[in-house]
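Report on one structure; see the data block that follows.
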Amino acid sequence: MARVVRGFRTLRNHWKKSTFAVCVLSYGGYWLYGKHCDNVLRREACLVARFFSKHTSRSFFLKATSNFLSHSFLRKANNLFEKNAAPILHLAGVEITIVKTDYEGQAKKLMELMEQTDVLIVAGGDGTLQEVVTGLLRRPDQDAISNTPIGFIPLGSQNTLSPSLHLLSDNKILSSHNPNIDYITSATLSILKGETVPLDVLQIKGEKEQPVFALMGLRWGAFRDVAATISKYWYLGPLKTKAAHWFSTLQEWPLVRDVSVSYLAPTLRPPDLPPQKPPRPSLLYRIARRLKNYWSPPVEEPPKVEEPEEWKEQQLSTLELFIQTHNKNPVERRINDSLMICAEPDNFTVGEFITVGDKKEEDPTVFTKASTKLEASACRLQLPEGAAGFYNIDNEEYEAMPVEVRLLPRKLRFYISAERREQLLSQMQ
(Lines give C-alpha, C1' and ligand atoms only; values in the text may rest on other atoms or scores of the structure.)
Protein backbone atom coordinates (compact mmCIF):
# COMPACT_ATOMS: atom_id res chain seq x y z
CA MET A 1 0.00 0.00 0.00
CA ALA A 2 2.88 2.33 0.78
CA ARG A 3 4.22 1.83 -2.76
CA VAL A 4 0.87 2.83 -4.25
CA VAL A 5 0.78 5.97 -2.10
CA ARG A 6 4.34 6.86 -3.14
CA GLY A 7 3.42 6.28 -6.78
CA PHE A 8 0.45 8.64 -6.64
CA ARG A 9 2.55 11.19 -4.76
CA THR A 10 5.21 11.04 -7.48
CA LEU A 11 2.59 11.54 -10.19
CA ARG A 12 1.17 14.51 -8.30
CA ASN A 13 4.57 16.12 -7.78
CA HIS A 14 5.47 15.63 -11.49
CA TRP A 15 2.04 16.24 -13.00
CA LYS A 16 3.40 17.84 -16.20
CA LYS A 17 5.57 14.85 -17.04
CA SER A 18 2.74 12.51 -16.05
CA THR A 19 0.27 14.30 -18.33
CA PHE A 20 2.71 14.22 -21.23
CA ALA A 21 3.38 10.51 -20.69
CA VAL A 22 -0.35 9.72 -20.61
CA CYS A 23 -0.89 11.61 -23.89
CA VAL A 24 2.03 9.83 -25.59
CA LEU A 25 0.90 6.41 -24.39
CA SER A 26 -2.71 7.05 -25.42
CA TYR A 27 -1.70 8.18 -28.90
CA GLY A 28 0.71 5.27 -29.21
CA GLY A 29 -1.96 2.79 -28.19
CA TYR A 30 -4.45 4.25 -30.66
CA TRP A 31 -1.84 4.12 -33.44
CA LEU A 32 -0.97 0.49 -32.68
CA TYR A 33 -4.65 -0.44 -32.59
CA GLY A 34 -5.12 1.21 -36.00
CA LYS A 35 -2.20 -0.77 -37.42
CA HIS A 36 -3.72 -3.95 -35.99
CA CYS A 37 -7.09 -3.19 -37.67
CA ASP A 38 -5.31 -2.52 -40.97
CA ASN A 39 -3.49 -5.86 -40.78
CA VAL A 40 -6.71 -7.71 -39.90
CA LEU A 41 -8.48 -6.13 -42.90
CA ARG A 42 -5.61 -7.06 -45.22
CA ARG A 43 -5.56 -10.63 -43.92
CA GLU A 44 -9.31 -11.06 -44.45
CA ALA A 45 -9.02 -9.69 -48.00
CA CYS A 46 -6.15 -12.06 -48.76
CA LEU A 47 -8.19 -15.02 -47.50
CA VAL A 48 -10.98 -14.07 -49.90
CA ALA A 49 -8.46 -13.76 -52.74
CA ARG A 50 -7.25 -17.31 -52.17
CA PHE A 51 -10.66 -18.62 -53.27
CA PHE A 52 -10.03 -17.10 -56.72
CA SER A 53 -6.52 -18.48 -57.13
CA LYS A 54 -7.75 -21.62 -58.92
CA HIS A 55 -10.30 -19.85 -61.11
CA THR A 56 -8.43 -16.79 -62.42
CA SER A 57 -6.24 -17.37 -65.46
CA ARG A 58 -6.80 -14.16 -67.41
CA SER A 59 -4.13 -11.68 -68.44
CA PHE A 60 -4.44 -8.25 -66.78
CA PHE A 61 -2.99 -4.87 -67.76
CA LEU A 62 -2.32 -2.69 -64.72
CA LYS A 63 -1.92 1.08 -64.88
CA ALA A 64 -0.72 2.32 -61.49
CA THR A 65 0.18 5.99 -60.96
CA SER A 66 -0.77 9.35 -59.46
CA ASN A 67 0.61 11.58 -62.14
CA PHE A 68 -0.76 14.94 -60.99
CA LEU A 69 0.59 14.84 -57.44
CA SER A 70 3.92 15.58 -55.84
CA HIS A 71 6.71 12.99 -55.73
CA SER A 72 6.16 12.52 -52.01
CA PHE A 73 2.58 11.44 -52.64
CA LEU A 74 3.73 9.17 -55.45
CA ARG A 75 5.78 7.24 -52.91
CA LYS A 76 2.80 7.09 -50.58
CA ALA A 77 0.51 5.86 -53.38
CA ASN A 78 3.02 3.19 -54.38
CA ASN A 79 3.25 2.01 -50.77
CA LEU A 80 -0.54 1.85 -50.50
CA PHE A 81 -0.72 -0.23 -53.66
CA GLU A 82 2.10 -2.59 -52.70
CA LYS A 83 0.68 -3.20 -49.21
CA ASN A 84 -3.05 -3.39 -49.91
CA ALA A 85 -3.76 -4.24 -53.56
CA ALA A 86 -0.78 -6.13 -55.01
CA PRO A 87 -0.86 -9.04 -52.48
CA ILE A 88 -4.57 -9.65 -53.18
CA LEU A 89 -4.01 -9.75 -56.95
CA HIS A 90 -0.97 -12.02 -56.64
CA LEU A 91 -2.76 -14.44 -54.29
CA ALA A 92 -5.61 -14.72 -56.80
CA GLY A 93 -3.13 -15.75 -59.49
CA VAL A 94 -3.64 -12.67 -61.62
CA GLU A 95 -1.00 -11.98 -64.26
CA ILE A 96 -0.19 -8.27 -64.03
CA THR A 97 1.68 -5.86 -66.26
CA ILE A 98 2.46 -2.68 -64.30
CA VAL A 99 2.96 0.58 -66.19
CA LYS A 100 3.82 3.76 -64.26
CA THR A 101 3.74 7.29 -65.65
CA ASP A 102 6.36 9.94 -65.00
CA TYR A 103 4.55 13.16 -65.91
CA GLU A 104 1.10 14.61 -66.42
CA GLY A 105 -0.51 13.63 -69.70
CA GLN A 106 1.61 10.52 -70.26
CA ALA A 107 -1.29 8.18 -69.50
CA LYS A 108 -3.14 9.41 -72.61
CA LYS A 109 -0.18 8.48 -74.80
CA LEU A 110 0.24 5.09 -73.11
CA MET A 111 -3.39 4.23 -73.78
CA GLU A 112 -2.77 4.72 -77.51
CA LEU A 113 -0.08 2.01 -77.37
CA MET A 114 -1.89 -0.43 -75.09
CA GLU A 115 -2.48 -3.88 -76.54
CA GLN A 116 -5.67 -5.86 -76.10
CA THR A 117 -6.14 -7.07 -72.53
CA ASP A 118 -8.81 -8.84 -70.51
CA VAL A 119 -9.02 -6.16 -67.81
CA LEU A 120 -7.66 -2.66 -67.40
CA ILE A 121 -6.90 -1.62 -63.81
CA VAL A 122 -6.37 2.07 -63.06
CA ALA A 123 -4.63 2.75 -59.75
CA GLY A 124 -4.59 6.47 -59.02
CA GLY A 125 -6.93 9.40 -58.47
CA ASP A 126 -9.36 11.48 -60.50
CA GLY A 127 -6.62 12.88 -62.74
CA THR A 128 -5.20 9.47 -63.60
CA LEU A 129 -8.63 8.02 -64.30
CA GLN A 130 -9.62 10.91 -66.55
CA GLU A 131 -6.41 10.64 -68.56
CA VAL A 132 -6.90 6.89 -69.04
CA VAL A 133 -10.52 7.28 -70.13
CA THR A 134 -9.61 10.12 -72.50
CA GLY A 135 -6.75 8.12 -74.00
CA LEU A 136 -8.97 5.06 -74.49
CA LEU A 137 -11.80 6.93 -76.19
CA ARG A 138 -9.46 8.83 -78.52
CA ARG A 139 -8.22 5.57 -80.06
CA PRO A 140 -9.38 4.63 -83.57
CA ASP A 141 -10.61 1.28 -82.22
CA GLN A 142 -12.36 2.83 -79.23
CA ASP A 143 -15.62 0.96 -79.99
CA ALA A 144 -13.86 -2.36 -79.43
CA ILE A 145 -11.50 -1.31 -76.64
CA SER A 146 -14.33 0.29 -74.66
CA ASN A 147 -15.74 -3.19 -74.03
CA THR A 148 -12.75 -3.93 -71.79
CA PRO A 149 -13.89 -3.88 -68.14
CA ILE A 150 -12.09 -1.33 -65.97
CA GLY A 151 -11.15 -1.63 -62.33
CA PHE A 152 -10.49 1.55 -60.37
CA ILE A 153 -8.24 1.35 -57.29
CA PRO A 154 -8.40 4.73 -55.48
CA LEU A 155 -4.91 5.97 -54.60
CA GLY A 156 -5.17 9.71 -55.29
CA SER A 157 -5.92 12.69 -53.11
CA GLN A 158 -9.35 12.94 -54.80
CA ASN A 159 -11.26 9.78 -55.73
CA THR A 160 -14.73 11.05 -56.63
CA LEU A 161 -15.90 7.88 -58.38
CA SER A 162 -14.85 5.50 -55.60
CA PRO A 163 -17.93 5.91 -53.32
CA SER A 164 -20.16 4.99 -56.29
CA LEU A 165 -18.36 1.67 -56.80
CA HIS A 166 -16.83 0.58 -53.50
CA LEU A 167 -18.19 -0.02 -50.03
CA LEU A 168 -16.56 0.88 -46.75
CA SER A 169 -16.64 -2.00 -44.26
CA ASP A 170 -19.36 -1.59 -41.62
CA ASN A 171 -17.73 -4.20 -39.39
CA LYS A 172 -16.17 -2.34 -36.47
CA ILE A 173 -13.62 -5.10 -35.97
CA LEU A 174 -12.55 -5.52 -39.60
CA SER A 175 -12.95 -1.87 -40.59
CA SER A 176 -9.67 0.00 -40.95
CA HIS A 177 -8.93 3.29 -39.20
CA ASN A 178 -7.76 4.53 -42.60
CA PRO A 179 -10.76 4.70 -45.02
CA ASN A 180 -8.37 4.62 -48.00
CA ILE A 181 -7.38 1.06 -47.11
CA ASP A 182 -11.06 0.05 -46.94
CA TYR A 183 -11.67 1.48 -50.40
CA ILE A 184 -8.50 -0.09 -51.84
CA THR A 185 -9.25 -3.61 -50.58
CA SER A 186 -12.91 -3.34 -51.59
CA ALA A 187 -11.92 -2.15 -55.08
CA THR A 188 -9.38 -4.94 -55.54
CA LEU A 189 -11.78 -7.66 -54.41
CA SER A 190 -14.50 -6.32 -56.73
CA ILE A 191 -12.11 -6.86 -59.66
CA LEU A 192 -11.68 -10.50 -58.67
CA LYS A 193 -15.42 -11.09 -58.20
CA GLY A 194 -16.08 -9.75 -61.70
CA GLU A 195 -19.37 -7.86 -61.21
CA THR A 196 -19.55 -4.80 -63.49
CA VAL A 197 -21.83 -1.82 -64.05
CA PRO A 198 -22.09 0.44 -67.13
CA LEU A 199 -21.14 4.08 -66.65
CA ASP A 200 -22.02 7.11 -68.77
CA VAL A 201 -19.24 9.27 -70.20
CA LEU A 202 -19.30 12.95 -71.13
CA GLN A 203 -17.53 14.01 -74.32
CA ILE A 204 -16.39 17.62 -73.93
CA LYS A 205 -15.12 19.27 -77.09
CA GLY A 206 -13.87 22.79 -77.68
CA GLU A 207 -13.71 24.58 -81.00
CA LYS A 208 -10.12 23.57 -81.80
CA GLU A 209 -8.80 21.06 -79.29
CA GLN A 210 -9.32 17.29 -79.15
CA PRO A 211 -12.23 16.10 -77.00
CA VAL A 212 -11.80 15.41 -73.31
CA PHE A 213 -13.86 12.70 -71.63
CA ALA A 214 -15.25 12.79 -68.08
CA LEU A 215 -17.07 10.36 -65.83
CA MET A 216 -18.51 12.77 -63.24
CA GLY A 217 -18.97 16.20 -64.79
CA LEU A 218 -17.95 19.75 -65.67
CA ARG A 219 -18.05 22.45 -62.99
CA TRP A 220 -17.80 26.20 -63.55
CA GLY A 221 -18.51 29.23 -61.39
CA ALA A 222 -17.78 31.03 -58.16
CA PHE A 223 -17.95 28.00 -55.86
CA ARG A 224 -15.41 26.20 -58.05
CA ASP A 225 -13.06 29.20 -58.00
CA VAL A 226 -13.25 29.51 -54.22
CA ALA A 227 -12.69 25.76 -53.74
CA ALA A 228 -9.39 26.10 -55.61
CA THR A 229 -8.15 28.64 -53.01
CA ILE A 230 -9.20 26.87 -49.79
CA SER A 231 -5.84 25.15 -49.33
CA LYS A 232 -4.18 28.59 -48.97
CA TYR A 233 -5.96 29.07 -45.64
CA TRP A 234 -4.74 25.81 -44.09
CA TYR A 235 -3.63 27.68 -40.96
CA LEU A 236 -7.28 28.42 -40.08
CA GLY A 237 -8.03 24.73 -39.55
CA PRO A 238 -11.74 23.84 -39.71
CA LEU A 239 -12.64 27.46 -40.49
CA LYS A 240 -10.63 27.60 -43.72
CA THR A 241 -13.60 26.77 -46.00
CA LYS A 242 -15.86 29.47 -44.54
CA ALA A 243 -12.95 31.94 -44.49
CA ALA A 244 -12.13 31.34 -48.16
CA HIS A 245 -15.73 32.02 -49.20
CA TRP A 246 -15.95 35.12 -47.02
CA PHE A 247 -12.66 36.57 -48.31
CA SER A 248 -13.81 36.02 -51.91
CA THR A 249 -16.93 38.13 -51.24
CA LEU A 250 -14.73 40.95 -49.94
CA GLN A 251 -12.78 41.01 -53.23
CA GLU A 252 -15.85 40.94 -55.48
CA TRP A 253 -19.59 40.71 -54.96
CA PRO A 254 -21.86 39.52 -56.44
CA LEU A 255 -20.00 36.64 -58.11
CA VAL A 256 -22.67 36.02 -60.74
CA ARG A 257 -21.79 34.45 -64.11
CA ASP A 258 -23.84 34.75 -67.30
CA VAL A 259 -23.89 31.87 -69.77
CA SER A 260 -25.95 30.82 -72.76
CA VAL A 261 -26.92 27.13 -72.68
CA SER A 262 -28.25 25.31 -75.75
CA TYR A 263 -29.41 21.75 -75.21
CA LEU A 264 -31.08 18.76 -76.85
CA ALA A 265 -33.90 16.79 -75.28
CA PRO A 266 -32.92 13.51 -73.60
CA THR A 267 -33.32 10.22 -75.47
CA LEU A 268 -35.21 7.15 -74.33
CA ARG A 269 -33.03 4.59 -72.60
CA PRO A 270 -32.98 1.25 -74.46
CA PRO A 271 -33.32 -1.93 -72.40
CA ASP A 272 -30.20 -3.33 -70.80
CA LEU A 273 -28.46 -6.00 -72.83
CA PRO A 274 -28.27 -9.48 -71.28
CA PRO A 275 -24.95 -10.11 -69.52
CA GLN A 276 -24.39 -13.29 -71.59
CA LYS A 277 -25.08 -14.14 -75.23
CA PRO A 278 -28.15 -16.34 -75.78
CA PRO A 279 -27.41 -19.97 -76.72
CA ARG A 280 -27.09 -20.74 -80.42
CA PRO A 281 -30.23 -22.31 -81.99
CA SER A 282 -30.16 -25.91 -83.11
CA LEU A 283 -29.02 -26.90 -86.59
CA LEU A 284 -32.52 -27.86 -87.79
CA TYR A 285 -33.92 -24.52 -86.66
CA ARG A 286 -31.19 -22.60 -88.50
CA ILE A 287 -31.78 -24.61 -91.73
CA ALA A 288 -35.54 -24.01 -91.55
CA ARG A 289 -35.01 -20.29 -90.97
CA ARG A 290 -32.68 -20.01 -93.99
CA LEU A 291 -35.13 -21.85 -96.26
CA LYS A 292 -37.95 -19.60 -95.09
CA ASN A 293 -35.89 -16.47 -95.81
CA TYR A 294 -34.96 -17.89 -99.23
CA TRP A 295 -38.52 -18.61 -100.40
CA SER A 296 -40.09 -15.56 -98.78
CA PRO A 297 -37.37 -12.99 -98.14
CA PRO A 298 -38.23 -10.35 -95.53
CA VAL A 299 -39.28 -6.96 -96.80
CA GLU A 300 -36.51 -4.43 -96.40
CA GLU A 301 -37.55 -1.35 -94.52
CA PRO A 302 -36.67 1.98 -96.10
CA PRO A 303 -33.78 3.76 -94.40
CA LYS A 304 -34.85 6.17 -91.72
CA VAL A 305 -34.38 9.82 -92.47
CA GLU A 306 -32.53 11.50 -89.64
CA GLU A 307 -34.44 14.44 -88.30
CA PRO A 308 -32.51 17.64 -87.70
CA GLU A 309 -31.46 18.23 -84.12
CA GLU A 310 -33.77 20.59 -82.29
CA TRP A 311 -31.68 22.77 -80.00
CA LYS A 312 -33.32 24.78 -77.26
CA GLU A 313 -31.56 27.83 -75.85
CA GLN A 314 -31.73 29.30 -72.37
CA GLN A 315 -29.92 32.23 -70.80
CA LEU A 316 -28.72 31.56 -67.27
CA SER A 317 -27.41 33.91 -64.61
CA THR A 318 -25.85 31.76 -61.91
CA LEU A 319 -23.23 31.43 -59.20
CA GLU A 320 -22.30 27.95 -60.40
CA LEU A 321 -23.05 25.66 -63.32
CA PHE A 322 -22.53 21.91 -63.09
CA ILE A 323 -23.05 19.48 -66.00
CA GLN A 324 -22.99 16.00 -64.49
CA THR A 325 -23.72 12.37 -65.25
CA HIS A 326 -25.84 10.00 -63.20
CA ASN A 327 -22.78 7.96 -62.22
CA LYS A 328 -23.17 8.90 -58.57
CA ASN A 329 -25.74 6.08 -58.49
CA PRO A 330 -24.87 3.91 -61.50
CA VAL A 331 -27.46 1.21 -60.73
CA GLU A 332 -30.43 3.60 -60.77
CA ARG A 333 -33.08 2.57 -63.29
CA ARG A 334 -33.90 5.52 -65.54
CA ILE A 335 -36.34 6.12 -68.38
CA ASN A 336 -34.05 8.47 -70.32
CA ASP A 337 -30.36 8.56 -71.16
CA SER A 338 -29.46 12.06 -70.07
CA LEU A 339 -27.01 14.40 -68.44
CA MET A 340 -28.04 16.95 -65.83
CA ILE A 341 -27.47 20.70 -66.18
CA CYS A 342 -27.67 22.25 -62.72
CA ALA A 343 -27.38 26.00 -62.05
CA GLU A 344 -27.54 27.75 -58.70
CA PRO A 345 -29.65 30.93 -58.44
CA ASP A 346 -27.99 34.35 -58.60
CA ASN A 347 -29.69 35.91 -55.55
CA PHE A 348 -27.67 34.44 -52.69
CA THR A 349 -26.78 36.65 -49.76
CA VAL A 350 -23.21 36.56 -48.44
CA GLY A 351 -24.28 34.32 -45.55
CA GLU A 352 -26.06 31.89 -47.88
CA PHE A 353 -23.05 31.86 -50.18
CA ILE A 354 -20.77 30.85 -47.29
CA THR A 355 -23.19 28.20 -45.97
CA VAL A 356 -23.82 26.61 -49.37
CA GLY A 357 -20.11 26.74 -50.21
CA ASP A 358 -19.29 24.86 -47.01
CA LYS A 359 -21.70 22.08 -48.03
CA LYS A 360 -20.36 21.97 -51.58
CA GLU A 361 -16.86 21.43 -50.28
CA GLU A 362 -18.06 18.06 -48.96
CA ASP A 363 -20.18 17.20 -52.03
CA PRO A 364 -20.08 19.51 -55.09
CA THR A 365 -23.07 17.70 -56.65
CA VAL A 366 -25.44 19.02 -53.96
CA PHE A 367 -27.64 21.89 -55.18
CA THR A 368 -30.24 24.01 -53.43
CA LYS A 369 -33.98 23.61 -54.00
CA ALA A 370 -34.10 26.92 -55.91
CA SER A 371 -31.53 25.77 -58.47
CA THR A 372 -32.37 25.32 -62.16
CA LYS A 373 -32.14 21.72 -63.38
CA LEU A 374 -32.34 20.69 -67.02
CA GLU A 375 -32.22 17.17 -68.44
CA ALA A 376 -30.52 16.84 -71.84
CA SER A 377 -28.64 14.49 -74.13
CA ALA A 378 -26.19 17.20 -75.23
CA CYS A 379 -25.55 20.86 -74.51
CA ARG A 380 -23.46 23.78 -75.68
CA LEU A 381 -22.01 26.45 -73.44
CA GLN A 382 -21.47 29.89 -74.91
CA LEU A 383 -19.60 32.21 -72.56
CA PRO A 384 -19.81 35.99 -72.86
CA GLU A 385 -16.94 37.78 -74.57
CA GLY A 386 -14.02 38.48 -72.30
CA ALA A 387 -15.10 35.87 -69.76
CA ALA A 388 -12.13 34.28 -68.05
CA GLY A 389 -11.82 31.45 -65.59
CA PHE A 390 -11.47 27.71 -65.48
CA TYR A 391 -13.56 24.58 -65.67
CA ASN A 392 -13.19 21.63 -63.34
CA ILE A 393 -13.56 18.47 -65.42
CA ASP A 394 -13.47 15.52 -63.01
CA ASN A 395 -11.52 17.76 -60.60
CA GLU A 396 -8.91 18.61 -63.25
CA GLU A 397 -8.52 22.27 -64.22
CA TYR A 398 -9.08 23.39 -67.83
CA GLU A 399 -9.32 26.86 -69.33
CA ALA A 400 -12.93 28.00 -69.73
CA MET A 401 -14.07 28.31 -73.35
CA PRO A 402 -17.18 27.59 -75.44
CA VAL A 403 -17.67 23.81 -75.44
CA GLU A 404 -20.10 21.17 -76.60
CA VAL A 405 -20.88 18.40 -74.11
CA ARG A 406 -22.43 15.16 -75.35
CA LEU A 407 -23.50 12.15 -73.36
CA LEU A 408 -22.12 8.76 -74.35
CA PRO A 409 -24.57 6.50 -72.49
CA ARG A 410 -23.24 3.32 -70.90
CA LYS A 411 -19.97 3.69 -72.76
CA LEU A 412 -17.63 1.96 -70.28
CA ARG A 413 -17.99 -0.89 -67.82
CA PHE A 414 -16.46 -0.63 -64.35
CA TYR A 415 -16.14 -3.22 -61.62
CA ILE A 416 -18.46 -2.62 -58.69
CA SER A 417 -18.69 -4.18 -55.26
CA ALA A 418 -21.77 -6.40 -54.98
CA GLU A 419 -22.43 -5.03 -51.50
CA ARG A 420 -22.29 -1.46 -52.80
CA ARG A 421 -24.73 -2.33 -55.59
CA GLU A 422 -27.21 -3.72 -53.07
CA GLN A 423 -26.79 -0.66 -50.87
CA LEU A 424 -27.48 1.74 -53.76
CA LEU A 425 -30.55 -0.26 -54.80
CA SER A 426 -31.90 -0.21 -51.25
CA GLN A 427 -31.49 3.60 -51.09
CA MET A 428 -33.86 4.00 -54.06
CA GLN A 429 -36.66 2.03 -52.39
query: Stepwise, does the side-chain contact (heavy atoms from CB on, under 4.5 Å) test hold for His245 with Thr355?
result: CA-CA 9 Å; His245 286 83; Thr355 302; over 6 Å; no
field: Contact check, side chains of Tyr398 and Phe390, non-hydrogen atoms, under 4.5 Å
entry: no
task: To the nearest 0.5 Å, tell me how far Ile354 CD1 sits from Trp246 CH2.
output: 8.0 Å
- prompt: For residues Asn39 and Arg42, is any side-chain donor paired with an opposing acceptor at under 3.5 Å?
  reply: yes
- prompt: Which heavy-atom pair separates Ile88 from Ala45 by the least distance, and what is that distance?
  reply: CD1-CB, 3.6 Å
message: Is it true that, when you exclude Tyr285 itself, more than 12 heavy atoms of the residues, nucleotides or ligands shown sit nearer than 6.0 Å to its OH?
response: no
Euclidean distance, Cys37 SG relative to Leu32 CG, rounded to 0.5 Å: 11.0 Å
task: Could you tell me whether the side chain of Val122 reaches within less than 4.5 Å of the side chain of Val133, counting heavy atoms only?
output: no
- request: Would you please test Ser296 and Lys292 for side-chain contact (heavy atoms from CB on, under 4.5 Å) and show each step?
  value: CA-CA 6 Å; Ser296 57; Lys292 179 182 177 181; 4.0 Å; yes
- prompt: Any sub-3.5 Å donor-acceptor pair from Ser377's side-chain atoms to Ala265's backbone N or O?
  reply: yes
query: Can you find a pair of side-chain heavy atoms, one from Leu202 and one from Met216, that are under 4.5 Å apart?
result: no
task: Indicate yes or no: does Arg257 engage Asp225 in a salt bridge with an N to O separation below 4.0 Å.
output: yes
query: Under 4.0 Å between a Lys/Arg side-chain N and an Asp/Glu carboxylate O for Arg43 and Asp38?
result: no
Distance in Å, Ile150 CD1 paired with Leu136 CG, rounded so as to fall on 0.5 Å steps: 5.5 Å
- prompt: Between Glu397 and Arg224, does at least one N-O distance fall below 4.0 Å, as a salt bridge requires?
  reply: yes
Electrostatic pair Lys360:Glu320 at N-O distance under 4.0 angstrom: yes
- request: Give the minimum heavy-atom separation between Gly357 and Thr241, together with the two atoms involved.
  value: O-CG2, 4.2 Å
statement: CD (Glu422) and CD1 (Ile416) are apart, to the nearest 0.5 Å, by 9.5 Å
query: Between Cys379 and Ile341, is any pair of side-chain heavy atoms under 4.5 Å apart?
result: yes
- prompt: Salt bridge check: are Arg406 and Glu404 linked by an N-O gap of less than 4.0 Å?
  reply: yes
query: Is it true that the side chains of Lys411 and Gln142 contain a donor and an acceptor less than 3.5 Å apart?
result: yes
query: Do Thr365 and Asp363 have a side chain donor and acceptor closer than 3.5 Å?
result: yes
message: Quick check: closest heavy atoms across Ala214 and Ile204, and the distance to 0.1 Å?
response: CB-CD1, 4.2 Å
field: Asp200: which of Arg334, Arg410, Lys328 passes salt bridge (Lys or Arg N to Asp or Glu O under 4.0 Å)
entry: Arg334
message: Nearest 0.5 Å, please: how far is CG in Leu215 from OG1 in Thr325?
response: 7.0 Å
task: Would you sort out whether Val356 and Asp358 count as a side-chain contact (heavy atoms from CB on, under 4.5 Å), showing the intermediate values?
output: CA-CA 5 Å; Val356 174; Asp358 195 34; over 6 Å; no
- line: Nearest heavy-atom approach of Tyr415 to Ser190 is CD2-O, 3.6 Å
Any donor-acceptor pair under 3.5 Å from Thr318 side chain to Glu344 backbone: yes
task: Quick one: closest heavy-atom pair of Asn327 and Ser164, and the distance?
output: O-OG, 3.1 Å
query: Checking side-chain contact (heavy atoms from CB on, under 4.5 Å) for the pair Leu192/Leu89: CA distance, chi angles, key distance, verdict?
result: CA-CA 8 Å; Leu192 301 181; Leu89 296 173; 4.2 Å; yes
- prompt: If you count the non-hydrogen atoms of other residues, nucleotides and ligands that lie under 6.0 Å from CD in Glu310, is the total more than 12?
  reply: no
- prompt: Does Arg138 reach the main-chain N or O of Met111 with its side chain, forming a donor-acceptor pair under 3.5 Å?
  reply: no
field: Atom CG of Leu250: over 12 foreign heavy atoms under 6.0 Å
entry: yes
- request: Using the six-membered ring wherever Trp is involved, compare the ring planes of Tyr233 and Phe247 and label them parallel, tilted or perpendicular (cut-offs 30° and 60°).
  value: tilted
- prompt: Side chains of Thr160 and Asp126: is there a donor and an acceptor less than 3.5 Å apart?
  reply: yes
task: Would you name the heavy atoms of Ala343 and Leu316 that are closest together and state the gap between them?
output: CB-CD1, 4.0 Å
- prompt: Is a salt bridge present between Glu112 and Arg139, judged by a nitrogen-to-oxygen distance below 4.0 Å?
  reply: no
- prompt: Less than 4.5 Å apart, any side-chain heavy atom of Ile121 and any of Ile191?
  reply: yes
query: Any side-chain heavy-atom pair from Leu268 and Asp337 closer than 4.5 angstrom?
result: no
task: Would you check if Lys205 and Val403 make a side-chain contact, meaning some heavy-atom pair closer than 4.5 Å?
output: no
message: For the CG atom of Leu319 and the OG atom of Ser371, what is their distance to the nearest 0.5 Å?
response: 11.5 Å
query: Ring centres of Phe353 and Phe223 under 6.0 Å apart?
result: yes
- request: Taking the side chain as every heavy atom from C-beta outward, state whether Asn159 and Tyr183 have any atom pair closer than 4.5 Å.
  value: no
message: Side chains of Ser260 and Glu313 only: does a donor on one sit below 3.5 Å from an acceptor on the other?
response: yes
Presence of salt bridge, Asp394 and Arg219, under 4.0 angstrom: no
- prompt: Do side-chain atoms of Ser338 reach the backbone of Pro266 as a donor and acceptor pair under 3.5 angstrom?
  reply: no
query: Are Ser262 and Arg380 linked by a side-chain donor-acceptor pair shorter than 3.5 Å?
result: no
